[in-house]
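Structure record follows, encoded as structure tokens.
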Amino acid sequence: MPAAPQAPRPPAYTPGSAQPRLNRPVHERYPQIRPTSGYGDPRITRTGPGPGAGTEQEPERSSKLTARLTLALTVVIGQLWGLTIVVDEWMSGNTGTAWWGAGFLCLSFLVVLGIWLLDPKDR
């Protein structure tokens, strides 16, 4: 029995390009990159923000805004749920229930508006 033919082997990889200009050393291709780029670059005068950067400077304001945002998002989710119910009732022909649902949506919008008007200096 003859042996099964083997698949042809791919050519050996040799780094380089058909374009000679791309075969130059990195420091010749990119003269702006120096061996000291980064940690030893004289253009870098500061290491970044100082201690405490990114921390909340007014935690009371942050907690108040977070609470208001959470309440507003809860109301918006309730509005989406209510809109689904109202449209379903309206399409079913229960217009009375749909009008009560529309009233609920208007009331929840007024709640969000009231939250927004609660503290005008926070905007």
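- Nearest heavy-atom pair, Leu105 versus Val86, reported as atom, atom and distance to 0.1 Å: CD1-CG2, 4.3 Å.
- Hydrophobic cluster of Trp81: the remaining members, joined at side-chain heavy-atom separations below 4.5 Å, are Ile85, listed by chain and number.
- Rounding to the nearest 0.5 angstrom, the gap separating the CD atom in Gln79 from the CG atom in Leu107 is 9.5 Å.
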Compile the donor-acceptor pairs under 3.5 Å between side chains in residues 87-99 and protein atoms, sequence neighbours left out, one pair per line.
| residue | atom | partner | partner atom | Å |
| --- | --- | --- | --- | --- |
| Glu89 | OE1 | Asn94 | ND2 | 2.8 |
| Ser92 | OG | Asp88 | O | 2.9 |

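- Other cluster members for Leu69: Leu73, joined by side-chain heavy-atom distances under 4.5 Å among Ile, Leu, Val, Met, Phe, Trp and Tyr.
- The line from OG of Ser108 to CG of Leu80 is 9.5 Å long, rounded to the nearest 0.5 Å.
- How far CG of Leu71 is from OG1 of Thr66: 12.5 Å, rounded to the nearest 0.5 Å.
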